[in-house]
Asker: 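Below is one structure. I have some questions about it.
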Amino acid sequence: LEIDDLLDREKVEPDHNLMKKNIQSKVVLVTGAGGSIGSELCRQILSMGPKYLILIDFCEYNLFKIKQELIKLNIEKTTLVTKLTNAEDELALEKIFRKYKVNLIFHAAAYKHVDMVEKNPLDGLRNNLLNTRSICNAAIKTNVRKMILISSDKAVRPTNIMGGTKLLSELIVKISAINNKNTTKFTAVRFGNVIDSSGSVIPIFREQIKNGGPVTITHPDMERFFMTISEAVQLVLQASVLSLGGETFILNMGQPVKIIDIAKK
């Protein structure tokens with residue numbers, strides 16, 4: 001069973017020329033580079049031949065793992081830079097942005113698991129809000145051309161703390177866009193649920209099936225909009241070119257899919 005079979009719609013194809021425009025021969029930085037979204041961003045960015053690709057992550061193992069993978073893929077001979085840095089540290093970010101003359105930032109670093117943030121609300125708020133604010137401030141001070149925030153469809157009328165942190169992060173980005181029209185362009189991109197990303201239902205179902213069941217769901221009426229990791233990343237890369245500052249981009253993901261139907265498939 002291919003992951004695409006679970007989408008119940010045609011995959012959204014990207015405009016490859018559009019994606020390459022912002023990245024080729026530029027200095028690109030990804031926060032949360034070791035996560036499922038961040039690492040796919042890095043793979044696709046690398047294939048477009050940036051001058052530098054700077055990877056920021058607070059988890060040493062994840063950063064090591066993605067760097068080892070990228071070294072093998074690095075045909076264009078992009079200079080890879082890894083920074084074991086907490087994205088909340090504005091001064092450290094400022095030094096990195098200035099030293100490498102960063103053109104474009106993709107901000108994927110965040111706590112994303114609803115249940116985990118619900119049980120640790122202050123840590124979720126601190127991490128997701130402070131790192132967004134620090135990146136925006138450091139980008140403005142060092143004249144970075146564009147910053148793209150990876151947000152979530154849970155930011156729409158949020159019913160949980162994780163969604164609330166994403167909505168507030170979007171507002172930080174919007175305010176930064178309004179106040180700095182002439183220097184740095186700020187944009188948010190909203191993801192639906194990324195099918196097969198770490199912590200999503202697919203790996204959980206796989207594990208449950210492997211162990212002989214039972215396969216569990218929260219509620220039979222629960223439904224979600226789904227997108228593949230490659231669709232999600234291509235959306236971000238295209239948005240980085242189309243952005244004029246202050247927008248929120250979303251992918252047309254068709255109709256929501258019932259979790260129970262995915263479990264049955």
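The model shown is predicted, which means the values in this text are computed figures rather than measured ones. We count residues from 1, following the sequence as given.
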Asker: Show, in sequence, the C-alpha distance, side-chain angles and deciding distance for Phe191 and Asp153, and conclude whether the side chain to side chain contact (heavy atoms under 4.5 Å, CB included) test is met.
Answerer: CA-CA 6 Å; Phe191 282 7; Asp153 58 0; over 6 Å; no
Asker: Output, in order, the C-alpha distance, side-chain angles, deciding distance and verdict of side chain to side chain contact (heavy atoms under 4.5 Å, CB included) for Ile45 and Val30.
Answerer: CA-CA 10 Å; Ile45 288 166; Val30 179; 3.8 Å; yes
Asker: Any side-chain heavy atom of Ile172 sitting closer than 4.5 Å to one from Cys136?
Answerer: yes
Asker: Report, as yes or no, whether the 6.0 Å neighbourhood of atom CD1 on Ile250 holds more than 12 heavy atoms from other residues, nucleotides or ligands.
Answerer: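 Atom CD1 in Ile250 is not packed in, count stays at 12 or less.
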Asker: Without hydrogens or angle criteria, can the side chains of Lys174 and Thr248 be said to hold a donor-acceptor pair below 3.5 Å?
Answerer: yes
Asker: Please report the C-alpha distance between Leu53 and Leu70 in whole Å, then the side-chain angles of each, then the deciding distance to 0.1 Å, and finally whether the side chain to side chain contact (heavy atoms under 4.5 Å, CB included) criterion is met.
Answerer: CA-CA 10 Å; Leu53 176 54; Leu70 294 179; 4.2 Å; yes
Asker: Counting only pairs under 3.5 Å, give me each side-chain donor-acceptor contact of residues 89-97, with atom names and distances, residues two or more places apart or in other chains.
Answerer:
from, atom 1, to, atom 2, distance (Å)
Asp89, OD1, Leu91, N, 3.4
Asp89, OD1, Ala92, N, 3.1
Glu90, OE1, Asn137, ND2, 3.3
Glu90, OE2, Lys141, NZ, 2.8
Glu94, OE2, Arg98, NH1, 3.3

Asker: Closer than 3.5 angstrom, by distance alone: can the side chain of Ser243 be matched with the main-chain N or O of Ser240 as a donor-acceptor pair?
Answerer: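 Not a single qualifying donor-acceptor pair exists.
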Asker: Report yes if the side chains of Ile23 and Leu104 come closer than 4.5 Å at any heavy-atom pair, otherwise no.
Answerer: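 The answer is yes, as the side chains (C-beta and beyond) meet within the 4.5 Å cut-off.
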Asker: Tell me, please, which residues at least two apart from Tyr100 pass ring pair (Phe, Tyr, Trp, His ring centres under 6.0 Å).
Answerer: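 Tyr100: ring pair (Phe, Tyr, Trp, His ring centres under 6.0 Å) contacts with Tyr52.
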Asker: To the closest 0.5 Å, what do you measure between CG (Leu167) and OG (Ser151)?
Answerer: 8.0 Å
Asker: What pair of heavy atoms forms the shortest contact from Met227 to Ala232, and how long is it?
Answerer: CE-CA, 3.6 Å
Asker: Give a yes or no answer on whether the side chain of Thr85 reaches the backbone of Ala87 with a donor-acceptor pair at less than 3.5 Å.
Answerer: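 Judged by distance alone, no pair lies under 3.5 Å.
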Asker: Got Arg145 and Asn22 here, is their nearest side-chain heavy-atom distance under 4.5 Å?
Answerer: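 Arg145 vs Asn22: side chains touch.
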Asker: Does Asn74 have any side-chain contact (heavy atoms from CB on, under 4.5 Å) partners at least two apart in sequence or in another chain, and if so, which?
Answerer: Leu46, Thr78, Leu80
Asker: Do Phe205 and Met222 share a hydrophobic cluster, counting only Ile, Leu, Val, Met, Phe, Trp and Tyr and linking them when any side-chain heavy atoms are less than 4.5 Å apart?
Answerer: yes
Asker: Just to verify, what does Asn128 make a side-chain hydrogen bond (donor to acceptor under 3.5 Å, both in side chains) with, not counting sequence neighbours?
Answerer: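 Counting only residues at least two positions away or on another chain, Asn128 forms a side-chain hydrogen bond (donor to acceptor under 3.5 Å, both in side chains) with Thr165.
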Asker: Would you call Thr132 and Val173 a side-chain contact if the rule is heavy atoms closer than 4.5 Å?
Answerer: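 A side-chain contact under 4.5 Å exists here.
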Asker: Indicate the atoms forming the closest heavy-atom contact of Thr31 with Ala108, along with that distance.
Answerer: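 Looks like OG1-N, 3.0 Å.
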Asker: Out of curiosity, Thr183 OG1 to Asn180 CG, how far, rounded to the nearest 0.5 Å?
Answerer: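 Separation between the atoms: 4.0 Å.
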Asker: Out of curiosity, Arg190 CZ to Glu170 CD, how far, rounded to the nearest 0.5 Å?
Answerer: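 Spacing of CZ (Arg190) from CD (Glu170) equals 4.0 Å.
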Asker: Looking at every non-hydrogen atom in both residues, tell me the closest pair between Leu125 and Ile161 and how far apart they are.
Answerer: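 Scanning both residues, the minimum pair turns out to be CG-CG2, 4.4 Å.
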Asker: Got a second to check how far Lys166's NZ is from Ile150's CD1, nearest 0.5 Å?
Answerer: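 If I round to the nearest 0.5 Å, the distance is 8.0 Å.
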Asker: For Pro256 and Glu223, which heavy atoms make the closest approach, and how far apart are they?
Answerer: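 That closest heavy-atom pairing would be CG-OE2, 3.8 Å.
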Asker: Tell me the closest heavy-atom pair linking Pro220 and Ile260, and the distance in Å.
Answerer: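 The pair with the smallest heavy-atom distance is O-CG2, 3.8 Å.
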Asker: Flag yes if Leu130 and Phe58 sit in one hydrophobic cluster, no otherwise; membership is Ile, Leu, Val, Met, Phe, Trp, Tyr, and two members link when side-chain heavy atoms are under 4.5 Å apart.
Answerer: no
Asker: Give the cluster check for Phe64 versus Leu84: same hydrophobic cluster or not, with ILVMFWY residues linked at side-chain heavy-atom distances below 4.5 Å.
Answerer: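 Cluster IDs for Phe64 and Leu84 differ.
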Asker: Take Thr187 and Phe249, measure what side chain to side chain contact (heavy atoms under 4.5 Å, CB included) needs, and give me the verdict at the end.
Answerer: CA-CA 8 Å; Thr187 296; Phe249 287 87; 3.4 Å; yes
Asker: Sequence neighbours excluded, which residues qualify as salt bridge (charged side-chain N to carboxylate O under 4.0 Å, His left out) partners of Lys72?
Answerer: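 Listed in chain order: nothing, the list is empty.
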Asker: Test side chain to side chain donor-acceptor pair (under 3.5 Å) on Glu88 and Ser134; report intermediate values, then the result.
Answerer: CA-CA 6 Å; Glu88 290 174 30; Ser134 295; over 6 Å; no
Asker: Between Asn160 and Val117, is there a side-chain heavy-atom distance shorter than 4.5 Å?
Answerer: no
Asker: Is there a donor-acceptor pair closer than 3.5 Å between any side-chain N or O of His113 and the backbone N or O of Asp115?
Answerer: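 Checking the backbone N and O of Asp115 against the side chain of His113, no donor-acceptor pair under 3.5 Å is found.
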Asker: At what distance, to the nearest 0.5 angstrom, does CD1 of Ile175 lie from CG of Asn179?
Answerer: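 Reported to 0.5 Å precision, the distance equals 7.5 Å.
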Asker: Restricting to non-hydrogen atoms, name the atom on Ala33 and the atom on Asp57 that form the minimum distance, rounded to 0.1 Å.
Answerer: N-OD2, 3.4 Å
Asker: Rounded to the nearest 0.5 Å, what separates atom OG1 in Thr184 from atom CD1 in Ile105?
Answerer: 8.0 Å
Asker: Just so I know, are the side chains of Ser176 and Phe186 near enough to count as touching, which here means a heavy-atom distance under 4.5 Å?
Answerer: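 Side chain of Ser176 against side chain of Phe186, heavy atoms only: contact under 4.5 Å found.
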Asker: Would you say Leu149 and Leu171 are hydrophobically clustered, going by side-chain heavy atoms of ILVMFWY under 4.5 Å?
Answerer: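 Different clusters: Leu149 never reaches Leu171 through Ile, Leu, Val, Met, Phe, Trp or Tyr contacts under 4.5 Å.
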Asker: Do Lys67 and Leu63 come close enough that some side-chain heavy atom pair is under 4.5 Å?
Answerer: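 When only atoms from C-beta onward are counted, Leu63 and Lys67 do not touch, as no gap falls below 4.5 Å.
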Asker: Give a yes or no on whether a salt bridge exists between Asp261 and Lys265, defined as a side-chain N under 4.0 angstrom from a carboxylate O.
Answerer: no
Asker: Kindly state each residue pair satisfying salt bridge (Lys or Arg N to Asp or Glu O under 4.0 Å) with at least one member in residues 38-53, sequence neighbours excluded.
Answerer: Glu40-Arg43, Arg43-Glu69
Asker: Hydrophobic clusters here meaning ILVMFWY residues chained together by side-chain heavy-atom distances under 4.5 Å, can you tell me if Phe106 and Ile229 are in one?
Answerer: yes
Asker: I'd like to check Leu237 versus Met48 (side-chain heavy atoms, cut-off strictly below 4.5 Å). Are they in contact?
Answerer: yes
